[in-house]
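This report refers to the structure that appears directly beneath it.
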Amino acid sequence: MKPSIPKGTRDFSPDEMAKRNFIFDTIREVFHRYGYQGIETPAMENLTTLEGKYGDEGDKLLFRVLNSGPVLLTIQSKGADQIKRADLAEKGLRYDLTVPFARYVVMHQNEITFPFKRYQMQPVWRADRPQKGRYREFYQCDADVIGSPSLVNEVELVLMIHEVFNKLGLKVVLKMNNRKILTGLAEVVGEQDRIIDITVALDKLDKIGIEGVNNELVEKGITADAIDMLQPIIKFEGNYNEKIDLLKNLLMSSNTGRKGIEEVEEIASMLTAGSFELDITLARGLNYYTGAIFEVKADGVQIGSVCGGGRYDDLTGIFGLPNVSGVGVSFGIDRICDVMEELKRFETLGIRTSSSKVLLTHFDKNTQKYCMGLASSLRAAGISTEVYPDITKKIVKQFEYANKKQIPFVVVVGEEEMQRGQVNLKNMSTGEQHPFTPEQLIEQLV
RNA sequence: GUGGCCAUAGCUCAGUUGGUUAGAGCAUCGGUUUGUGGUACCGAGGGUCGUGGGUUCGAGCCCCAUUGGCCACCCCA
């Protein structure tokens with residue numbers, strides 16, 4: 001049979017791993033420096049944990065894990081009309097890291113010191129149709145703080161986002177909005193029940209333009225009056241202050257809306273100019289956001305967002321721990337990797353596959369044994385060392401191996417060198433070769 | 001879930017209006033005499049042209065179906 005892997009999944013070669021690990025390391029370092037602690041949760045969660053958290057669309061995209069055991073027999077014996085969903089599957093692969101985190105917080109509430117700042121970098125799975133920048137298995141790197149309503153957290157997350165992308169050498173646009181502003185808008189135009197339809201339509205402004213948005217609003221059954229009232233927002237062009245003024249004016253009658261504007265202003269007051277762009281058309285689909293929402297897009301590459309997040313006031317409520325506010329971000333490292341690849345950032349940053357520093361070559365059992373001893377002392381000195389594992393008279397093979405793996409140094413150990421107590425060290429890039437005692441060799445390679 | 005494009009060697013692709021043994025580059029392996037790689041030269045292996053059916057004297061090329069991949073919508077990281 002010919003080998004294959006499931007749709008939307010990927011293998012990562014050593015070369016790709018070097019690049020991905022560079023991104024993971026960069027993000028993890030920033031998370032640590034802001035006081036976030038790492039946790040992990042299982043790949044599978046109970047479906048009761050996952051279902052209903054991501055909207056109807058999200059539920060469809062959940063990977064369900066078929067119950068083990070003779071599932072089909074159980075079902076056959078029950079008869080078609082008696083079958084429940086739980087008979088087929090009661091577990092699912094995690095869809096994101098936020099909901100499992102909420103579950104974790106509730107289960108471990110007695111061990112946790114609040115506010116709890118945690119990060120998590122693990123794969124998630126979605127039964128989506130793959131395309132550019134979209135995979136069925138991909139990694140998210142989340143940082144969330146739960147149990148603190150302070151907007152300082154939002155501010156720090158914004159700072160972290162900028163630090164990460166600076167270190168990765170990527171230019172990005174960080175867009176921010178506030179769910180309360182969107183709620184206010186819906187209230188003001190008298191369509192508070194249709195907030196999701198309205199925001200989803202607004203969100204597409206970039207893609208389909210003003211007419212497209214208006215058409216979609218009509219299709220969704222939003223009243224003409226409401227659509228008229230939304231026009232100043234949709235058509236708005238101006239700077240940050242003008243945008244705030246417009247919103248204050250429009251949302252005067254909405255408590256929630258006014259609160260949203262206040263939050264944006266408070267966050268802005270703690271940040272420097274240019275830290276974010278206030279974008280009222282930014283909606284973000286996940287329906288658990290309640291306050292600030294943000295999304296990061298890479299400059300110059302069309303691939304959707306590379307990072308997103310926001311505040312959710314009651315995510316743990318459904319698991320029995322109400323009134324705990326949280327806020328977090330999620331970095332999509334697969335897309336970040338795609339963007340960096342497309343912009344050739346890895347070359348600029350000089351990311352290369354890590355390889356051994358030195359290969360020890362030999363001619364027979366005896367010299368190979370000597371190499372094993374030599375390797376021990378080199379490794380003890382912290383030098384990554386390989387001994388060619390097979391015995392061959394053809395030293396060419398061993399050199400080719402070093403060359404292909406880009407090992408920068410080769411040591412040649414023959415009977416003669418062994419006797420003399422000196423081995424030849426060859427620099428593979430210059431071609432130079434000199435004899436050294438084992439002690440000198442360590443000095444040369446450290 | 002809806003729509004578009006594609007499918008030839010391990011990889012990237014050629015393959016002329018359907019016509020005889022389907023090609024190239026790269027990669028792989030071997031060689032250019034005995035303990036020195038990456039650049040040169042010579043040579044070898046490797047493809048039932050995704051799969052199944054049809055049209056035809058004849059199909060890699062045309063038609064239908066099927067599977068897989070890519071892309072867009074939807075949604076999102």
Side-chain angles (χ1 to χ4, degrees), chain A residues 2-10 13 23 27 54-62 94-98 121-142 161 172 196 199-201 203-204 207-208 212 216 282-287 289 293-298 301-310 328-339 359 361-364 367 388 392-418 423-433:
Chain A
K2 56 181 169 189
S4 65
I5 54 174
K7 191 198 284 278
T9 65
R10 296 153 297 158
S13 64
I23 300 172
I27 294 173
Y54 309 105
D56 293 341
E57 204 64 37
D59 276 359
K60 279 187 215 153
L61 299 181
L62 282 177
R94 74 164 101 74
Y95 179 89
D96 73 355
L97 300 177
T98 308
M121 310 200 303
Q122 290 188 274
V124 302
W125 294 268
R126 296 183 189 179
D128 224 341
R129 196 124 149 200
Q131 56 182 275
K132 187 180 181 188
R134 181 191 288 177
Y135 307 100
R136 287 185 145 187
E137 177 184 60
F138 61 98
Y139 274 76
Q140 291 193 330
C141 301
D142 280 29
I161 290 170
V172 296
I196 293 191
T199 55
V200 166
D203 196 38
K204 290 181 198 162
K207 254 182 193 164
I208 59 179
E216 178 147 341
L282 173 62
R284 301 202 42 79
L286 294 178
N287 40 27
Y289 292 120
I293 45 186
F294 22 80
E295 182 168 282
V296 181
K297 290 205 167 174
V301 181
Q302 274 211 314
I303 200 168
S305 58
V306 291
C307 177
V329 279
S330 177
F331 290 86
I333 92 115
D334 302 86
R335 282 182 181 177
I336 292 174
C337 201
D338 288 346
V339 168
L359 174 73
T361 66
H362 44 78
F363 299 92
D364 49 37
T367 46
Y388 196 78
T392 168
K393 288 281 179 204
K394 288 180 186 166
I395 198 150
V396 179
K397 275 216 152 193
Q398 306 184 47
F399 269 86
E400 275 174 355
Y401 175 78
N403 193 53
K404 276 178 194 154
K405 283 192 76 179
Q406 298 191 53
I407 297 172
F409 293 97
V410 171
V411 165
V412 183
V413 179
E415 207 51 51
E416 195 184 314
E417 285 89 341
M418 240 171 67
V423 294
N424 282 312
L425 173 67
K426 178 166 181 172
N427 180 323
M428 292 296 277
S429 52
T430 65
E432 283 180 73
Q433 184 169 315

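Keep in mind the model is a prediction, meaning the values are calculated, not measured. Order of the sequence lines fixes the chain letters, A, B, ..., with proteins taken first and strands second; residue numbering starts at 1 for each chain.
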Please name the nucleotide paired to G30(B) by Watson-Crick or G-U wobble geometry with both distances under 3.5 Å, or report none.
C42(B)

Nearest-Å distance, CD1 (Ile293(A)) to C1' (A77(B))?
16 Å

Given side chains that start at C-beta, do those of Phe409(A) and Asn427(A) come closer than 4.5 Å, heavy atoms only?
yes

Take the protein atom CG of Asp338(A) and the nucleotide atom C1' of C71(B), then report the distance between them rounded to whole Å.
14 Å

Which whole-number value in Å describes the distance from Ile333(A) CD1 to C76(B) P?
21 Å

Identify whether any heavy atom of Lys204(A) sits under 4.0 Å from a base atom; if not, whether one sits that close to sugar-phosphate; answer base, sugar-phosphate or nothing.
sugar-phosphate

Looking only at atom C1', what distance separates C62(B) and G69(B), rounded to whole Å?
23 Å

Calculate the interatomic distance between Glu295(A) atom CD and A77(B) atom C1'; express it in whole Å.
10 Å

Say you pick atom C1' in U66(B) and the same atom in C6(B); how far apart are they, in whole Å?
16 Å

Interatomic distance, Lys397(A) NZ vs G30(B) C1' [rounded to whole Å]:
10 Å

Nearest-angstrom distance, P atom, U16(B) to G50(B):
15 Å

I want to verify a distance call: between A77(B), C75(B), G30(B), whose nearest atom is closest to the Glu57(A) side chain?
C75(B)

Pairwise P distance for U20(B) and G58(B), with rounding to whole Å
15 Å

Going by the rule side-chain hydrogen bond (donor to acceptor under 3.5 Å, both in side chains), which residues pair with Thr430(A) if we only count those two or more places apart in sequence or in a different chain?
none

Can you check the Gln302(A) CD to C73(B) P distance for me, whole Å?
9 Å

CD/Glu432(A) to CG/Asn424(A) distance, rounded to the nearest 0.5 angstrom?
13.0 Å

C1' atom, U17(B) versus C11(B): distance in rounded Å?
32 Å

Around atom NZ of Lys132(A), are there more than 12 heavy atoms of other residues, nucleotides or ligands at under 6.0 Å?
yes

Reading nucleotides 31-40 of chain B from 5' to 3' and marking B where a protein heavy atom lies under 4.0 Å of the base, S where only the sugar-phosphate is that close, and - otherwise, the string is S---BBBB--

Fit a plane to each ring of Tyr95(A) and Tyr54(A), take the angle between them on a 0 to 90° scale, and name the class: parallel (under 30°), tilted (30 to 60°) or perpendicular (over 60°).
tilted

Pick from Arg335(A), Glu295(A), Lys297(A): which one makes a side-chain contact (heavy atoms from CB on, under 4.5 Å) with Val306(A)?
Arg335(A)

Take Ile23(A) and Cys337(A) through the test side chain to side chain contact (heavy atoms under 4.5 Å, CB included) and record every step on the way to the result.
CA-CA 8 Å; Ile23(A) 300 172; Cys337(A) 201; 3.9 Å; yes

Of Val306(A) and Pro130(A), the one whose nearest nucleotide on RNA chain B sits closer to the 5' end is Pro130(A)

Write down the distance separating the C1' atoms in C75(B) and A9(B), rounded off to the nearest Å.
39 Å

Does a distance-only test, which skips hydrogens and angles, find a donor-acceptor pair under 3.5 Å between the side chain of Arg335(A) and the base of C76(B)?
yes

Which base sits across from G52(B) as a Watson-Crick or G-U pair, both distances under 3.5 Å?
C64(B)

Any strand, both distances under 3.5 Å, Watson-Crick or G-U wobble: A9(B) pairs with none

Are Ile161(A) and Cys307(A) close enough, and set up right, to give a side chain to side chain contact (heavy atoms under 4.5 Å, CB included), and what steps lead you there?
CA-CA 8 Å; Ile161(A) 290 170; Cys307(A) 177; 4.2 Å; yes

With centres under 5.5 Å and planes under 30° as the test, does Phe138(A) stack with A77(B)?
yes

Starting at atom CD1 of Ile5(A), determine the distance to atom P of U67(B), rounded to an integer number of angstrom.
20 Å

Can you measure Leu61(A) atom CG to A77(B) atom P for me and round it to whole angstrom units?
11 Å

Scanning all shown strands, the Watson-Crick or wobble mate of U20(B) with both distances under 3.5 Å is none

Whole-Å P distance, G54(B) and A59(B):
12 Å

Can you tell me if the side-chain N/O atoms of Gln131(A) get under 4.0 Å from OP1 or OP2 in C70(B)?
no

Would you indicate what Gly133(A) reaches in the nucleic acid, counting non-hydrogen atoms under 4.0 angstrom: base, sugar-phosphate, or nothing?
base

On a whole-Å scale, what distance lies between the P atoms belonging to G60(B) and A22(B)?
10 Å

Who does U2(B) pair with, Watson-Crick or G-U, both distances under 3.5 Å?
A72(B)

Might you confirm whether atom CD of Gln406(A) has over 12 heavy atoms from other residues, nucleotides or ligands at distances under 6.0 Å?
no

